[in-house]
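What follows is a single structure, written as structure tokens, with notes after it.
The model shown is predicted, which means the values in this text are computed figures rather than measured ones. Order of the sequence lines sets the chain letters (A, B, ...), proteins ahead of strands, with each chain counted from 1.
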There are 2 protein chains.
Amino acid sequence: MKPGSPEEQWREDCAPRRVLELFSTKWTSMVLHTLWARHDGCARSAALHRSLPAISQKMLTQTLREMEHAGIVTRTVHPTVPPAVEYALTPLGTRLVEPIELIYDWARSNSEALDALQPRPTSRRRGGT
Amino acid sequence: MKPGSPEEQWREDCAPRRVLELFSTKWTSMVLHTLWARHDGCARSAALHRSLPAISQKMLTQTLREMEHAGIVTRTVHPTVPPAVEYALTPLGTRLVEPIELIYDWARSNSEALDALQPRPTSRRRGGT
DNA sequence: CTGTATCCGCCGCGATACTG
DNA sequence: CAGTATCGCGGCGGATACAG
């Protein structure tokens with residue numbers, strides 16, 4: 001235990017926080033999982049989009065850009081026409097996949113227990129009767 | 001690979017999505033980590049608050065409630081005066097800690113690489129000059 | 001000590017339209 | 001095909017005040 005630095009580890013700019021922020025956005029983990037599980041770590045934008053139809057073009061690009069910036073994917077532009085852009089997991093990103101997959105495994109292993117819970121009393125309606 | 005269910009696994013109400021939503025809120029992972037790493041899986045509200053001074057009372061309660069609802073912590077009210085409320089990790093929650101800790105480990109192992117990246121070109125300012 | 005209620009700013013994210 | 005710009009809404013989350 002470090003008596004002098006109880007919570008200093010939670011500075012906004014520390015590595016853990018930076019990573020957590022990645023996953024605080026809606027699509028990061030799904031894009032990461034999809035890229036890895038369904039595209040073997042390398043896919044074009046359109047292919048990813050087909051695997052994740054629910055994501056908007058805007059958020060797909062934005063999410064991938066943040067991931068690129070975090071060093072977990074690379075972005076390669078092939079100067080063809082029409083242009084083709086390929087996203088590939090970096091070794092760093094591949095190592096990040098493992099814990100993410102564990103979370104998915106956890107969720108699936110306990111889906112019964114999770115389903116037994118009420119839908120979600122979260123977010124109360126203001127004008128609710 | 002399941003050719004017939006390309007993205008049906010991403011229904012809003014499936015277990016993986018439900019879990020991801022937990023971590024899409026700002027404090028869940030930090031509360032989980034803190035409860036486990038600094039309080040041995042069991043702590044009173046005030047103690048947690050002391051370990052995470054940056055969180056507001058409101059968000060601490062709200063986050064813990066969502067975690068309770070997800071079955072990863074229990075909430076025990078001791079009818080004393082003043083009241084004491086104790087939050088404890090469930091076995092389910094304890095198993096969820098592992099992948100979370102791996103993410104922290106990943107972040108710490110690669111903090112150098114992460115630090116080498118630009119601050120964050122994310123979130124562009126709208127009215128920027 | 002623990003928790004709820006209210007107000008409110010900020011920004012994540014979707015929809016749409018447009019560029020190369 | 002890939003990406004950007006813009007608009008608008010919903011809701012996360014902080015501050016504050018109050019209750020048991």
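Atoms CG (B:L48) and C1' (C:dT2) sit 13 Å apart, rounded to a whole Å. Summarising the geometry, the separation between CD on A:E21 and C1' on C:dG12 is reported as 13 Å, rounded to the nearest angstrom. Nucleotide D:dC12 holds its P atom 16 Å from the CZ atom of B:F23, rounded to whole Å. Note: NZ (A:K58) to C1' (D:dC9) measures 12 Å, nearest angstrom. Remark: P of D:dA15 and CD of B:Q57 are 13 Å apart, rounded to the nearest angstrom. Atoms CE (A:M59) and P (C:dT16) sit 17 Å apart, rounded to a whole Å. In this structure, NE2 of B:H49 is placed 12 Å from C1' of D:dA15, rounded to the nearest angstrom. When rounded to the nearest whole Å, the span between CG of B:L60 and P of C:dC1 equals 13 Å.
Using a 4.0 Å cut-off, no side-chain N or O of B:R44 falls inside it from OP1 or OP2 of C:dC1. Of the side-chain N and O atoms in B:R65, one or more sit less than 4.0 angstrom from OP1 or OP2 of C:dT4. Between B:K26 and D:dG14 there is a side-chain polar atom (N or O) within less than 4.0 angstrom of OP1 or OP2.
When the nearest nucleotides of DNA chain C are assigned to A:S56 and B:S45 by heavy-atom distance, the more 5′-ward of the two goes with B:S45.
We find the OG1-NE2 distance between A:T34 and A:H49 to be 12.5 Å, quoted to the nearest 0.5 Å. Atom-to-atom distance recorded for B:S24:OG and A:K26:NZ is 9.0 Å, nearest 0.5 angstrom.
B:W106 places a side-chain N or O within donor-acceptor distance of the main-chain N or O of A:L92, the cut-off being under 3.5 Å.
Taking every side-chain heavy atom of B:R75 into account, C:dT2 is the closest of C:dT2, D:dG14, D:dA2.
Remark: the A:H39 side chain and the A:S51 side chain contain an N/O donor-acceptor pair separated by less than 3.5 Å.
By the criterion of side-chain heavy atoms lying less than 4.5 angstrom apart, applied directly or through intervening Ile, Leu, Val, Met, Phe, Trp or Tyr residues, B:M59 is grouped together with B:V85 in one hydrophobic cluster.
Contact annotation: the side chain of A:S29 never approaches that of B:F23 to less than 4.5 Å [non-hydrogen atoms, C-beta and beyond].
Geometrically, A:R17 engages B:W27 in a cation-pi contact defined by less than 6.0 Å to the ring centre and at most 45° from the axis.
Within residues 79-88 of chain B, the residues that place at least one heavy atom under 4.0 Å from DNA chain C are, in residue-number order, B:P82, B:P83, B:V85, B:Y87.
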